[in-house]
Each structure stands twice: as C-alpha cells, then as structure tokens.
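Worksheet for the structure shown next.
The figures here come from the full heavy-atom set of this structure, side chains too, leaving out hydrogens, waters and symmetry mates. Every number for a ligand or one of its atoms is a count from 1 in the order of the listing.
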Amino acid sequence: MVSGSGVRCGSVRKNAGGNPTGKCRAAMRAAILALRRCRDWGFSLITMTDNLNQDIANRRVAILAALAAAHDPAPELIAVSKSQPDEAIEAILAAGQRVFGENRVQEAQQHWDHRRLSHPGLILHLIGPLQSNKAADAVRLFDVIQTLDREKLAGALADAMEKEGRRPKLFIQVNTGEEPQKAGVFPSKVGYLLRYAREEAGLAVEGLMCIPPVDEPAGPHFALLKKIAHDYGLLSLSMGMSGDYELAARYGATHVRVGTALFGDRAKA
Ligand SMILES: *Cc1c(COP(=O)(O)O)cnc(C)c1O
C-alpha cells in the first residue's frame, strides 16, 4: 500500500510538473468542459423562457375559449398579475393580453408605471382594498377601481378625481357572504352606498364585484350579485376567479379575474 501510493504520487508529479504538454492538455480539457457547460446552461435558460411563454400563451388561449363557450358575449378576462415576476408579465403581454388586475397600489405602480409607455392599450383594474389616503395614487394609475365599499372612500375618490383630472370607472365591492373579515358592503347596504356615491360624491358607478366565501359554492353568490346589479340598473359584474370563471361566465359575469390558472402558482409573499 505504502509503496503503491508512492508510485502514483510520483507519476502525478511527473505529469503535472515535468510535462508541459500534459499540463496544457489538462487545461484545454477543463476549458472545453467549461464551455460545454456554459452552452448547455444557456440553452436550458432559453428553453425555460420559451416554455414559460408558451405555457402562459396556451393557458390564456384555453381560458378565452372556455369563456367564449360558456357565455355570449364572453366576459372580459382580467389577468391578475399580483406577485408575478417580470418574465411572466412580459410573457403574457407578448401573448396579447392587455387587461390586468392588481390588488395593491404600490405593487401595481412597480408593475405598470413604466409599461404604460411601452403598451398604450393597457387597461388596469384595482381589485384589492383601497385606503382613502392612497386614492390619488389609485386614480392616477387605474382605469377601473372595483373596490369602492364605504362612504369615506367615495369622498376621497371624488376629491382625487377632481385633483387628478382622471375618472376611472368604479365598481362597488359587495360582501355577498357577509364575512366579518372581508372587505365590501353587505348586500343590504348597496343601495345606500350607491345613493351616497352618486348624489353626495357625484360619482358614476358602473358595476359590482364580489369574492364568494372560499368554503361555499360560488353559484348562489354570483346569482345574488347579479340580482343586486339588476335591481339598481348596474351593467358590469366582476365575479369568478381561477376555480370558477366558467361558472361565473354562465351567471353573466362581464369580467372574470384570473391569476393562477393563467400564470401558474404565485410566488409566496
Ligand atoms: C388574487 C385575486 C384574484 C385571482 O385569484 P386566482 O385564484 O389566482 O385566480 C381574483 N380576485 C381578487 C380580488 C384577488 O385578490
């Protein structure tokens, strides 16, 4: 054993130190290996991007087809881009999507302020709760604010619209399940808020939005939202998400808000 390892040691020393050709060959082999790795890695990055683009484009086409089959006219597909990385947003823009939903003002600014310039046809919906002190930011960025749910916010939005010279469309969010932790007005209070928004704040309201309780069938909530909209002559209905956009379309949704079914899973916040 001892003499054996001595021999191996000697031969390594001889190749590495005493034989320049061997050293050169070893370096070359390492370089080729590194180049090959780089190439493979580059290819796999390109393939990954292609796959992402293709997956998102395919899912979008399938969802649009399902919506068209479920109802005529088909509801507008709002792509919910909250928590999505830039690659995913670029991929769906490349696929032709122009209508997006975000649930936080600040993240929406990060996603869309600069893209407004490169994509003039964008339509942005705010689908998350809005604090009165962010009303001006929201009015500046969004084309539709779906989450009007109290008088104070109606007043703040009216002031912001006056100041900004911009009038996003407004939907009232209705808490159809009357869940204490959830935003939105209770169904019995829609009439009051609508009257306040129109008569006191001078706002036009175009529709209603709801997020049914997670643990209940969505159908009755969609039906209730539709009935309330009908009672007050409101034409737009934002309802239906990844799990139930077809059902919502059959209930007469004019807008569905779809995130994960389009993009795949969101990064955990
Ligand atoms: C995140 C979100 C959606 C999209 O949810 P998915 O299940 O990913 O389709 C729809 N509506 C609102 C209000 C949301 O916050």
message: Does this structure show an ion pair linking R98 with E76, if we count only N-O contacts that are shorter than 4.0 Å?
response: no
Under 4.0 Å from one or more heavy atoms of V258, ligand 1 contributes atoms 9 (O)
Subject >> Polar atom proximity, G259 to ligand 1 (N or O, under 3.5 Å) >> reply: yes
- prompt: Just wondering, do L157 and L130 contact through their side chains at under 4.5 Å, heavy atoms?
  reply: yes
Q) Can the ring centres of H111 and F100 be said to be less than 6.0 Å apart? A) no
Side-chain donor/acceptor of D244 to backbone N/O of M241, under 3.5 Å: yes
Under 4.0 Å from one or more heavy atoms of I211, ligand 1 contributes atoms 13 (C)
Would D86 and R115 pass as an ion pair if we require N to O under 4.0 Å? yes
Quick note on ligand 1: atoms under 4.0 Å from a heavy atom of R257 include exactly 4 (C), 9 (O), 10 (C), 11 (N), 12 (C), 13 (C)
In ligand 1, the atoms that come under 4.0 Å of a heavy atom of T260 are 6 (P), 7 (O), 8 (O), 9 (O)
Quick note on ligand 1: atoms under 4.0 Å from a heavy atom of I127 include exactly 11 (N), 12 (C), 13 (C), 14 (C)
